[in-house]
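In what follows, a structure is listed as structure tokens, so that the remarks can point back to it.
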Amino acid sequence: MVSRPPSPTLKMESTAAGTGYFSAPFERFIRDETGAFTLLGKSSALSSDTMETFFDSRLDLLQRQIQKHSDRLKLKAEEALKKRVQSGDLLAENFDREVKNFKLKVSGRMQNLVESWHSAKVVRTRDKVSFFFSVMSLLVSALLFGLAPQWIHIAYTVQGLYLLPLRAYQYKKRSWHYFLFDLCYYVTILNFIYMWFFPSNTALFMACYSLSHGSLASAVITWRNSLVFHDTDKVTSLFVHIYAPFTFTVIRHFYPNAEDRFPALKALPYLNPIRALLMSGAIYISWQLMYWKFVLVDRRSKIASGQRTTSFSFLLNDKRSAIGRALSTVPPQYREGSFMAGQLVYSLLTELPAVFLLYDSPVWSGAFLMFIFSVSVWNGGGFYIEVFGRKFERELEALRKELADSSNNNNGSRSGRSSPTYTDGESLAGTPLLMVRTLPATSLDELLAEAESPDKDKDQ
């Protein structure tokens with residue numbers, strides 16, 4: 001009987017038991033396969049570590065960039081939010097600052113207004129006093145002329161003793177005292193000297209009478225003297241120029257028994273025109289020489305520098321007057337001589353009515369005084385109407401501009417918030433105010449037109 005080879009199963013079992021035919025090669029295969037798998041595993045592990053390191057670094061870099069970008073966006077968002085908050089706070093702060101500045105400005109203006117009110121109150125009191133004495137002087141002079149003309153020259157002296165020193169003080173304070181060297185003040189002093197020291201001097205009487213009715217009376221027209229009762233300066237100028245011819249007209253024609261008080265009238269029942277013009281001309285030349293020496297020569301530097309003003313420099317710079325226009329056509333080196341010569345001729349010409357007509361006629365003398373006085377009244381009416389009218393017009397224009405500026409400022413400050421509106425009874429900076437609301441242009445024009453209309457005036 002033939003024996004059969006052992007089956008693989010048995011062989012494997014034998015191998016499993018530690019003995020068999022394929023044990024050595026299989027073990028070597030197993031050993032090699034295990035090394036290969038181990039190498040592959042190691043390679044896979046190495047590759048996995050490499051990929052993990054690569055992607056981790058990339059992911060970390062990407063994560064850092066995203067975080068950086070996120071931080072930047074967050075920072076920008078915070079800055080934008082902060083700016084928005086700051087802009088709102090800044091707007092509120094600016095608005096509050098504007099309101100505060102506005103309150104301070106209005107408070108300052110109210111303070112200035114109070115100071116101006118007190119100052120204006122003093123001025124009004126002074127003007128009232130001037131108005132009172134001026135009107136009373138006019139009334140007393142008229143009563144004295146009708147009831148006691150022998151007191152006219154006393155009233156002239158008393159008023160002169162008050163008004164002339166007052167003018168000297170005021171003009172000295174304003175650096176206008178060189179005007180006091182003019183002919184009118186020189187003649188006024190001569191009038192007092194004649195009436196109280198030399199009433200029997202015929203030559204002095206003729207000179208005073210002629211100059212008072214000539215240069216002084218005509219100065220009311222030349223210098224546009226005005227009867228403005230509340231202005232002491234204008235009242236004094238009118239007094240100097242009109243009271244002298246008024247006094248000498250009374251002495252010549254209306255003074256009772258004038259020859260007893262003024263003996264020079266006994267020797268002058270009629271006035272010699274030539275002699276009167278010569279005497280007045282001599283008086284004028286003596287004054288002109290002194291004026292030229294002590295003012296135009298000794299004080300030329302002050303006048304040229306503008307520190308002092310004289311009648312000559314005033315008329316020269318007054319281009320509206322005929323004298324100023326005429327002097328401007330004369331070469332500078334001949335202006336002073338031309339002015340003095342022209343003033344002499346002017347003085348003699350204005351004396352012609354006095355020496356030829358007024359001395360012999362009380363009617364014409366009265367008409368002459370009425371004419372000179374009416375010119376001053378007309379000029380005074382023009383002052384009250386024109387000057388005050390222009391002042392009121394300027395105040396209305398200033399109010400128009402102020403309201404327009406206030407409207408523009410309010411419109412510009414209403415960005416984000418509305419401006420506060422103040423009404424009657426409210427207090428701003430501790431001071432009760434009446435704030436004008438912003439008006440459109442048409443309403444403002446209608447309001448100002450209504451204020452300017454004389455038909456809208458009502459009793460206060």
Side-chain angles (χ1 to χ4, degrees), residues 137 141 144-145 149-161 163-164 167 180-223 225 236-255 258 261-262 264-265 268 271-273 275-288 311 343-344 346-362 364-373 375-376:
S137 173
S141 299
L144 290 178
F145 176 75
Q150 65 272 16
W151 285 83
I152 290 294
H153 69 287
I154 299 176
Y156 176 47
T157 304
V158 172
Q159 294 181 74
L161 291 177
L163 292 175
L164 293 180
R167 164 152 289 191
L180 300 176
F181 296 103
D182 287 351
L183 179 65
C184 54
Y185 301 100
Y186 182 72
V187 174
T188 300
I189 294 174
L190 286 181
N191 292 340
F192 293 151
I193 292 175
Y194 165 75
M195 287 186 297
W196 297 104
F197 298 101
F198 303 103
S200 59
N201 191 310
T202 57
L204 187 58
F205 174 80
M206 287 189 294
C208 291
Y209 182 88
S210 301
L211 290 169
S212 295
H213 285 82
S215 297
L216 267 66
S218 62
V220 175
I221 303 174
T222 305
W223 292 90
N225 291 158
T236 303
S237 297
L238 184 61
F239 166 80
V240 169
H241 294 135
I242 203 172
Y243 220 100
F246 172 63
T247 300
F248 277 93
T249 296
V250 170
I251 292 174
R252 174 67 182 96
H253 297 294
F254 304 102
Y255 196 104
R261 175 62 181 84
F262 302 101
L265 294 175
L268 296 172
L271 192 64
N272 187 340
R275 186 184 176 192
L277 292 176
L278 288 176
M279 292 305 305
S280 61
I283 294 293
Y284 172 83
I285 292 174
S286 64
W287 163 79
Q288 188 65 82
S311 57
Q343 196 171 10
L344 174 60
Y346 170 80
S347 177
L348 295 177
L349 289 177
T350 55
E351 294 173 10
L352 294 180
V355 298
F356 284 102
L357 181 62
L358 302 182
Y359 189 84
D360 298 326
S361 174
W364 283 109
S365 296
F368 175 78
L369 290 177
M370 287 293 295
F371 170 72
I372 297 299
F373 187 74
V375 171
S376 68

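Both backbone and side-chain heavy atoms feed into the values below; hydrogens, waters and symmetry mates do not. Start at 1 with the first residue, then count along the sequence.
- Counting heavy atoms from C-beta on, the side chains of His153 and Trp196 come closer than 4.5 Å.
- Counting heavy atoms from C-beta outward, Leu183 and Gln288 have side chains that stay 4.5 Å or more apart.
- At least one side-chain heavy atom of Phe254 sits under 4.5 Å from a side-chain heavy atom of Pro362.
- Proximity of Leu216 to Thr188: side-chain heavy atoms (C-beta onward) are separated by under 4.5 Å at one or more points.
- Under the 4.5 Å side-chain criterion, counting only non-hydrogen atoms from C-beta, Pro149 is not in contact with Tyr255.
- Using bins of under 30°, 30° to 60° and over 60° for the plane-to-plane angle, the ring pair Phe246/Phe145 lands in the tilted bin.
- Residues Cys184 and Val240 come closest through the heavy atom pair CB-CG1, 3.9 Å.
- Nearest heavy atom pair, residue Leu348 against residue Leu277, reads CD2-O, 3.8 Å.
- Side-chain contact check for Pro353 versus Tyr359: every heavy-atom pair is 4.5 Å or farther apart.
- Between atom CE of residue Met370 and atom OG of residue Ser365 there is a gap of 13.5 Å, rounded to the nearest 0.5 Å.
- In this pair, Phe205 and Phe248 present their aromatic rings tilted. The plane angle is within the 30 to 60° band.
- Smallest separation of non-hydrogen atoms from Leu190 and Cys208: O-SG, 3.8 Å.
- We find the CD1-CG distance between Ile152 and Leu144 to be 5.0 Å, quoted to the nearest 0.5 Å.
- Distance CD1/Ile251 to CD/Gln150: 12.0 Å, rounded to 0.5 Å.
- Contact between Ser311 and Asp182 at its shortest, heavy atoms only, is OG-OD1, 3.2 Å.
- In plain terms, the two heavy atoms of Trp287 and Phe181 that are nearest each other are NE1-O, 2.8 Å.
- Without hydrogens or angle criteria, Tyr185 side chain to Leu180 main chain gives no donor-acceptor distance under 3.5 Å.
- The shortest non-hydrogen separation linking Ala207 to Ile283 is CB-CG1, 3.7 Å.
- Rounding to the nearest 0.5 Å places OG of Ser376 at 4.5 Å from CG of Leu238.
- Within 6.0 Å of CH2 on Trp223 lie more than 12 heavy atoms contributed by other residues, nucleotides or ligands.
- Taking the centre of each ring, Phe239 and Tyr243 come in below the 6.0 Å mark.
- Residue pairs meeting the side-chain hydrogen bond (donor to acceptor under 3.5 Å, both in side chains) criterion with at least one member in residues 205-220, sequence neighbours excluded: Asn191-Ser212, His213-Thr249, Ser215-Ser347, Ser218-Tyr346.
- To the nearest 0.5 Å, atom CD1 of residue Ile372 and atom NE2 of residue His241 are 11.0 Å apart.
- Going from atom CD1 of Ile189 over to atom CG of Leu164 covers 7.5 Å, rounded to the nearest 0.5 Å.
- Annotation: side chain of Met195 is not in contact with side chain of Leu204 (no heavy-atom distance under 4.5 Å).
- At least one side-chain heavy atom of Gln159 sits under 4.5 Å from a side-chain heavy atom of Ser137.
- In terms of the ring-ring contact (aromatic ring centres under 6.0 Å, His included) criterion, residue partners of Phe192 (sequence neighbours excluded) are, by chain and number, Tyr156.
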